[in-house]
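First comes the structure, then the notes that go with it.
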Amino acid sequence: AQTVTQSQPEMSVQEAETVTLSCTYDTSESNYYLFWYKQPPSRQMILVIRQEAYKQQNATENRFSVNFQKAAKSFSLKISDSQLGDTAMYFCAFMEYGNKLVFGAGTILRVKS
Amino acid sequence: EAGVAQSPRYKIIEKRQSVAFWCNPISGHATLYWYQQILGQGPKLLIQFQNNGVVDDSQLPKDRFSAERLKGVDSTLKIQPAKLEDSAVYLCASSTGVTGTDTQYFGPGTRLTVL
């Protein structure tokens with residue numbers, strides 16, 4: 001079974017600085033998809049970024065980018081120019097064909113002013 | 001475009017009572033998911049529907065949980081009887097169901113407290 005591990009339960013960063021959240025996963029599949037979701041306090045989960053495993057180029061969405069290392073089965077999220085609104089729980093998730101998402105335990109990110 | 005709607009947002013019940021949650025997916029989305037998110041953990045899939053058929057319910061505790069998606073649109077998730085360990089946020093999500101690797105969009109969730 002696929003597993004997703006987020007080794008950092010909590011992290012904090014100063015406003016305007018850069019922070020990287022770590023994620024590793026385990027799979028025997030060659031084609032799959034990886035996601036980062038953000039869950040603000042008492043608000044719904046929203047998609048931050050998506051990466052297809054067959055693409056070598058790392059995905060980016062404005063201030064959010066990933067470092068996808070397929071051989072190492074690593075998928076980290078970098079947030080540049082951190083803002084107070086980035087404070088949230090961040091989940092790394094894995095999907096193979098069939099639409100089934102497997103989530104990690106999450107990392108709480110606190111952005112400090 | 002309206003997002004995934006869920007109700008109620010909060011529910012408090014006594015153990016052994018029954019409870020039902022409702023979800024309305026994004027219009028046109030064929031696939032609907034129910035997740036259980038226990039405090040401090042990532043969401044865990046309970047059941048996945050494709051239109052009005054069940055694709056995966058392998059992690060649904062069928063002795064007490066049931067779900068249906070009549071007419072392939074709205075869905076309800078029921079717990080009867082509830083146990084203390086059912087306290088969690090129940091998330092509904094939907095996706096287009098076109099490619100088999102579709103992005104899922106989540107509703108605000110229902111926070112259930114079982115006393």
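A note on names: the letters A, B, ... follow the listed sequences, proteins ahead of strands, and every chain is numbered from 1.
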### Task
Indicate, with yes or no, if the rings of A/Phe35 and A/Phe103 have centres closer together than 6.0 Å.
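Ring centres of A/Phe103 and A/Phe35 not closer than 6.0 Å.
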### Query
Does any heavy atom of chain A fall under 4.5 Å from the side chain of B/Gln41, the backbone, both, or neither of them?
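The answer is the backbone of B/Gln41.
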### Task
Can you tell which part of B/Arg111 gets under 4.5 Å to a heavy atom of chain A, answering side chain, backbone, both or neither?
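Neither the backbone nor the side chain of B/Arg111 comes within 4.5 Å of chain A.
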### Message
So, using ring-ring contact (aromatic ring centres under 6.0 Å, His included) as the criterion, who are the partners of B/Phe21 when residues are at least two apart?
### Response
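With neighbours one apart ignored, the set is B/Tyr90.
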Toward chain B, the part of [X] with a non-hydrogen atom under 4.5 Å:
| X | result |
| --- | --- |
| A/Tyr32 | neither |
| A/Glu52 | neither |
| A/Arg43 | neither |
| A/Leu101 | both |

#### Entry: B/Lys15 bridged to B/Asp86 by N-O distance under 4.0 Å
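The answer is no: the pair does not qualify as a salt bridge.
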### Task
Run the salt-bridge test on A/Arg110 and A/Glu10 with the 4.0 Å N-O cut-off and return the result as yes or no.
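Judged by the 4.0 Å cut-off on N to carboxylate O distance, A/Arg110 and A/Glu10 do form a salt bridge.
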### Message
When you compare the side chains of B/Gln50 and B/Thr31, does any donor N or O come within less than 3.5 Å of an acceptor on the partner?
### Response
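The answer is yes; a qualifying pair exists.
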